[in-house]
Amino acid sequence: EWKNARIGEAILAWERALSLNPWDKNTLGNLRFARRQAQLEMPDWRWHERYSSVLPANGWIGIATGAFWLWIGMLTLPRLLNWRRTQLQQALAATGLTLLLLTLPALAGLWSRSSVGVITGDGAKLGLTPTQVPEVLGQLAAGELARVERERGDYVYVRAVPDRAGWLPRAQFRRIWQR
């Protein structure tokens, strides 16, 4: 996509690859290079969104699921099976609860990042209304990240850094993660 001068599609592909493997240095380097060449700002992620990008989404979901069942298992199994409660069981229950609580901000960050997408059309015009011929409020370059706030028919209301917002045709915007 980058070699075919489709900047928005290239950045979208690298963002998706980075969400699958946040430690890939080549993907991160290519994404930084593309943003620098296209003169795009780096995204301003919220703290829980940065925290959620430490591991892939499946990693956080796996840790949360395992921690939840460890916690529930160590609380209920001794009573159900008439076991004497031990310090090890209590320590495992506390560990499960702690891990579960540590994953909650990451899960919130994953949910929040699911509204972020990339402008794929070059020179996408932000409209005041979700119509075919809106009053133009501004323009977004291909490859810019924006956050969906509302959707109506074939249009999405997006907000990009630094606080530029308006309606775009859905065809000019693609989410990094499909809902």
Legend entry - Side-chain cluster (under 4.5 Å, hydrophobic types only) that Val136 belongs to, other residues: none
Legend entry - Closest non-hydrogen atom pair between Phe173 and Leu168, with its separation: CB-CD1, 4.4 Å
Inset, instruction - Give the other cluster members for Met42, using side-chain heavy-atom distances under 4.5 Å between Ile, Leu, Val, Met, Phe, Trp and Tyr residues; answer none if it is isolated. - result: none
Inset, instruction - Supply the atom-to-atom distance Arg46 CZ to Arg113 CZ, rounded to the nearest 0.5 angstrom. - result: 12.0 Å
Inset, instruction - Verify whether one side chain among Trp45 and Ser53 offers a donor that lies under 3.5 Å from an acceptor in the other. - result: no
Legend entry - Other residues, nucleotides, ligands: >12 heavy atoms within 6.0 Å of Asp24 CG: yes
Name every donor-acceptor pair, under 3.5 Å, that has one atom in a side chain of residues 91-105 and the other anywhere in the protein, sequence neighbours excluded.
from, atom 1, to, atom 2, distance (Å)
Thr95, OG1, Ala91, O, 2.8
Thr98, OG1, Ala94, O, 2.8
Thr103, OG1, Leu100, O, 2.7

Legend entry - salt bridge (Lys or Arg N to Asp or Glu O under 4.0 Å) partners of residues 126-150, not counting sequence neighbours, each pair once: Glu49-Arg147, Glu144-Arg164, Glu149-Arg159
Inset, instruction - Starting at OG1 of Thr27, measure out to CD of Glu15 and round the result to the nearest 0.5 Å. - result: 10.5 Å
Inset, instruction - State plainly whether one hydrophobic cluster holds both Leu28 and Leu145, where clusters connect Ile, Leu, Val, Met, Phe, Trp and Tyr through side-chain heavy atoms under 4.5 angstrom apart. - result: yes
Legend entry - Separation of Leu12 CG from Leu31 CG (nearest 0.5 Å): 10.5 Å
Legend entry - Interatomic spacing from OG in Ser52 to CH2 in Trp47 - rounded to 0.5 Å: 10.0 Å
Legend entry - Salt-bridge criterion met for Arg175 and Glu151 (N-O under 4.0 Å): yes
Inset, instruction - Verify whether the ring centers belonging to Tyr51 and Trp60 lie closer than 6.0 Å. - result: yes
Legend entry - Heavy-atom closest pair, residues Leu40 and Ala142: CD1-O, 3.7 Å
Legend entry - Leu18 side, atom CG; Asn30 side, atom CG - distance, nearest 0.5 Å: 10.5 Å
Legend entry - Shared hydrophobic cluster, Val161 / Ile176 (ILVMFWY, side-chain heavy atoms < 4.5 Å): no
Inset, instruction - Assign the ring pair Trp167 / Tyr157 to parallel, tilted or perpendicular, where the plane angle (0 to 90°) is split at 30° and 60°. - result: perpendicular
Inset, instruction - Hey, could you give me the CD1/CH2 distance between Ile7 and Trp2, rounded to the nearest 0.5 Å? - result: 5.0 Å
Legend entry - Minimum heavy-atom distance Glu1-Glu9, with the two atoms named: OE1-CB, 3.7 Å
Scan the side chains in residues 65-85 for donor-acceptor partners under 3.5 Å anywhere in the protein, sequence neighbours excluded, and list what turns up.
from, atom 1, to, atom 2, distance (Å)
Thr65, OG1, Ile61, O, 2.8
Thr76, OG1, Ile72, O, 2.8

Run the side-chain donor-acceptor check on residues 115-128: report pairs under 3.5 Å with partners two or more places apart or on a different chain.
from, atom 1, to, atom 2, distance (Å)
Ser115, OG, Ser112, O, 2.9
Thr120, OG1, Gln172, O, 3.4

